[in-house]
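See structure below.
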2 protein chains.
Amino acid sequence: MSAQVSARDFPLPPAPPEAELPEPLPEPSRDELRLEAVLAALSDPLRIGIVRKLLLESVEHDHTCTWFGLDRPKSSLTHHFRTLREAGLIRQRQYGPSRRNRVRVEDLEDRFPGLLALVADWTPVE
Amino acid sequence: MSAQVSARDFPLPPAPPEAELPEPLPEPSRDELRLEAVLAALSDPLRIGIVRKLLLESVEHDHTCTWFGLDRPKSSLTHHFRTLREAGLIRQRQYGPSRRNRVRVEDLEDRFPGLLALVADWTPVE
DNA sequence: CCACTGGTACGACTTCTCTCGTACTACTTG
DNA sequence: CAAGTAGTACGAGAGAAGTCGTACCAGTGG
């Protein structure tokens, strides 16, 4: 059956008050995004799962690393989230002691239209 | 400026007489294609360049590995073309002594719609 | 049959990536 | 200030991947 999630047109996040948020951690600018790097970051099942979960369950809200419920040591999670940020897939902000993540939907749709729809349709191996 | 190649809708190849062609080398079936594997294969600049060139310059014709004019040893090319075939991006057929490649446009558009458009728009680092 | 062409297979080497333990830092709360 | 929470940095080990030389093989054409 393979119920395909129809996630073609992402509602762009309703322009939150960016000015009031903590500064994002260092990340490539929209123009610096490289398709090879983005694809490499997404080629790991854990990471594409993270991006997919963020897309489907929280386009408008940021989430901490632990929100994902991943059964990995903290140092492994740091590695994967940093990989995603350095490739330009997610934006990370420091909220007090914790760090929150969101997908860079606007930037990615602008540079690589349709890519996030593929991520949203992805399913892990059974 | 970045003149974006508008390559959204690929003309599906006009159904060549598949029966008369040599058998394809072993490859994953359409249902076996995995997005992670496809993205991993495309995350190498040399390989995404190969797929892009095949897409833009020869959708309807197969090409040998040497046609690409890549300045690498033969054994390296064998490695990259096999990687692309095993990920399901290209189909390879043996024509006498040489081996010819084409992109699996139909299968990829069916499973991962829009992905090939991103590949066609890709440009190498200057 | 011999040389040429267009590849493959194998193996070595190097580099990258994933994984994770340990130690540490930053902030919050009592 | 002490304890708890959420994360980082460092570094080591294992495995995967890229690079490429060498030897080899299958057709093609003289």
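Lettering of chains follows the sequences in order, A, B, ..., and the numbering in each one begins at 1. Model, not experiment: these values are computed from the prediction.
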Would you mind reading off the distance between [X] atom [atom1] and [N] atom [atom2], rounded to a whole angstrom?
X: A:Arg100; N: D:dG7; atom1: CZ; atom2: C1'; result: 13 Å
X: A:Leu77; N: D:dT8; atom1: CG; atom2: C1'; result: 12 Å
X: A:Leu70; N: D:dG7; atom1: CG; atom2: C1'; result: 15 Å

Given side chains that start at C-beta, do those of [X] and [Y] come closer than 4.5 Å, heavy atoms only?
X: A:Trp122; Y: B:Glu36; result: yes
X: B:Arg47; Y: B:His79; result: yes
X: B:Asp107; Y: B:Arg91; result: yes
X: B:Leu39; Y: A:Val38; result: no
X: A:Ile50; Y: A:Leu70; result: yes

Point to revise | Worked verdict on A:Val119 versus A:Leu89 for side chain to side chain contact (heavy atoms under 4.5 Å, CB included) | key: CA-CA 11 Å; A:Val119 175; A:Leu89 279 153; over 6 Å; no
Point to revise | side chain to side chain contact (heavy atoms under 4.5 Å, CB included) evaluation trace for B:Arg99 with B:Leu25 | key: CA-CA 10 Å; B:Arg99 186 168 287 194; B:Leu25 298 183; 3.1 Å; yes
**Study point:** Residue pair B:Ala87 / B:Ala37: nearest heavy atoms and the distance that separates them
**Key:**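 Nearest heavy atoms, B:Ala87 then B:Ala37: CB-O, 3.7 Å.
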Review point. Within the structure shown, what part of the strands sits under 4.0 Å from A:Thr78 by heavy-atom distance: base, sugar-phosphate, or nothing?
Key: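 Touches a base.
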Check your understanding: When the C1' atoms of the five terminal pairs at each end define the local axes, what inter-axis angle does the helix from C:dC1-D:dG30 to C:dG30-D:dC1 show, to 10 degrees?
Key -> 20°
Practice item. With a 4.0 angstrom cut-off to heavy atoms of chain A, pull out the first and last contacting nucleotide of DNA chain C, in 5'-to-3' order. Key: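 Footprint of chain A along DNA chain C, 5' to 3': C:dC18 to C:dT28.
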Practice item. Heavy atoms under 4.0 Å is the rule here; annotate nucleotides 13-30 of chain D 5' to 3' with B where the base is hit, S where only the sugar-phosphate is, and - elsewhere. Key: -----SBBB-----SS--
Check your understanding: Going by the angle between their ring planes, with limits at 30° and 60°, are A:His63 and A:Phe68 parallel, tilted or perpendicular?
Key ->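 If you compare the ring of A:His63 with that of A:Phe68, the planes turn out perpendicular.
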